[in-house]
Amino acid sequence: MPFSLAVLRVPLLSFSSPAKNLRMSRTRLSSRSLPSEAQNPNPELNPGSDGSDGIAGLGIRGYAGKKRVKRMIEINAENPEGEARDQKIDHLPDIEEFAYNKAKATKTSSKVKLASALPVGMDKRTDLSIVPKVEPPTNWEEVLEGIKKMRSSEEAPVDSKGCEKAGILLPPKERRFAVLVSSLLSSQTKDAVTHGAVQRLTEKGLLDADAIVKTDEASMASLIYPVGFYLRKAHYIKKVAEICLEKYDGDIPSSLDELLALPGIGPKMAHLVMNVGWNNVQGICVDTHVHRICNRLGWVSRPGTRKKTLTPEETRVSLQTWLPKDEWVLINPLLVGFGQTICTPLRPRCGICGINKLCPSAFMETASPSSKAKKSSPIKRS
DNA sequence: TTCCTGCTTT
DNA sequence: AAAGCCGGAA
């Protein structure tokens, strides 16, 4: 085991000011050289582990600015392969190979039913061949390139503190669990806050299912505070840990449906975990940023119409009908970072945006997105 | 006010 | 479809 599993019982604290009790001994994780495929229990599920960290690292390597590369090299200082890995940037693993290779999961949960009842025509969300072929948006490649350029010149929170980065120095199984917990914590929470919470859990060895079930909910809540909805999430984390321990031998589920069946795990997190946790691309991870930006760009629409999509799930399905699968994984960190720094939800910085000439929504949003922008859809405009 | 890499329940 | 969860920051 890479770190001590000693369970620290944290006294129940009042939540009025829990933060001050959170700082304790800062035992640094042993960042020794890590085995990759050597300890990978499911090598067939991790074809990306060619000595690299697979897709999980792409969020880091793909759009790394100089600062970040430097930081990664620092982090990997004790890892002999570290620097070498950082050189191999912008290399896409062959995700086609294992995109459709997963066996069907048990579909017993109500959530699964909900998921497949979503506005699709593509049940099981894997077989795109039955979806009517949609013409890709004009200039989409140029737009994508422009965004990539902007992303490489400015560092975004997601680059250093996103879920993709969670547990990057851990062995596969621990890393997967870290990605799952990190995702769970990330919703409605700034990356820096999520990162801090994960850090505290890591220091206490609480990214391990076995350790989590032995920790009471209040302690968990105080540790992850102040992430959004921390009480609920503390509850979910414990439930998830119990399920993982019982059904998956302490590992996380390896199929989309089984992930969706976990409490507190919805489509956004499930796809993220599949993508960066299992290197198994079943769909695009669409969060609020991807949802917003795709609509601003006119990249997605309600089926058969030119109206904006109403939900992230609708966006995901629409985007998947035309975006080449090569881009499915990278589109998330790309647009999330873009959304954090430039194409912000409120008052997007169109003035400094390198693709404002190509964006149908550029300089259009004077009021809040909910009030005005809703009526004048970017793709409907003449 | 609106948002933060949402999900669950009504 | 909409409310509720959580609290803080811009």
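Just so it is clear: chains get the letters A, B, ... in the order the sequence lines come, proteins before strands, and each one is counted from 1.
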Check: Just to confirm, is there a sub-4.0 Å distance from OP1 or OP2 of B:dC3 to any side-chain nitrogen or oxygen of A:Q188?
Finding: no
Worksheet item: B:dC4 phosphate, OP1 or OP2: any side-chain N/O from A:R292 under 4.0 angstrom?
Response: yes
Separation of B:dC7 atom C1' from A:R316 atom CZ, nearest Å, is 15 Å
Report yes or no: is the ring centroid of A:F229 under 5.5 Å from the six-membered base ring centroid of C:dC6, with the two planes under 30 degrees? no
Whole-Å distance, A:I237 CD1 to B:dC7 P, equals 14 Å
Backbone N or O of A:K308 within a donor-acceptor pair of the A:S301 side chain at under 3.5 Å? no
- Message: Taking only the C1' atom of each, what is the distance from B:dT2 to C:dC6 in whole angstrom?
- Response: 15 Å
To the nearest angstrom, the NZ-P distance between A:K233 and C:dC6 comes to 10 Å
A:S186 has its side chain closest, among B:dC4, C:dG8, B:dT5, to B:dT5
Taking only N and O in the side chain of A:T288, is any of them less than 4.0 Å away from OP1 or OP2 of B:dC4? yes
Using modelled atom types and a 3.5 Å cut-off, is there a donor and acceptor pairing between side-chain atoms of A:N356 and backbone atoms of A:C353? yes
Rounded to whole Å, the CD-P distance (A:Q340 to C:dA10) equals 14 Å
With P as the reference atom in both, quote the distance from B:dT5 to C:dA1 in angstrom, rounded to an integer. 26 Å
Between NE2 of A:H235 and C1' of C:dC6 the distance, given in whole Å, is 16 Å
From the candidates B:dC7, C:dC5, C:dG8, the one with an atom nearest any side-chain atom of A:R232 is C:dC5
Side-chain contact check for A:D191: nearest option of B:dC7, B:dT5, B:dG6 is B:dT5
In whole angstroms, the gap separating P of B:dC7 from CG of A:L260 amounts to 9 Å
Winner on side-chain proximity to A:M269, out of B:dT5, B:dC7, C:dC6, is B:dC7
Taking B:dC7, C:dC6, B:dC4 as options, the one with an atom nearest any side-chain atom of A:K268 is B:dC7
### Query
Just by distance, with hydrogens left out, do A:N139 and A:E141 show a side-chain donor and acceptor under 3.5 Å apart?
no
ring-ring contact (aromatic ring centres under 6.0 Å, His included) pairs touching residues 138-186 of chain A, sequence neighbours excluded, are A:W140-A:W322
For this session: Respond yes when some side-chain nitrogen or oxygen of A:Y236 is under 4.0 Å from OP1 or OP2 of C:dC5, and no when none is.
Result: no
Is A:Y230 near enough to C:dG7 that one of its side-chain N or O atoms lies under 4.0 angstrom from OP1 or OP2? yes
Practice item. Taking only Lys NZ, Arg NE, NH1 and NH2, and the carboxylate oxygens of Asp or Glu, determine whether A:D159 and A:R151 approach each other closer than 4.0 Å. Key: yes
Between NZ of A:K161 and P of B:dC4 the distance, given in whole Å, is 18 Å
When rounded to whole Å, the CD1 to C1' distance for the pair A:I293 and B:dT5 reads 11 Å
Looking only at side-chain N and O atoms, does A:D191 offer a donor or acceptor that is under 3.5 Å from a partner on A:T194?
no
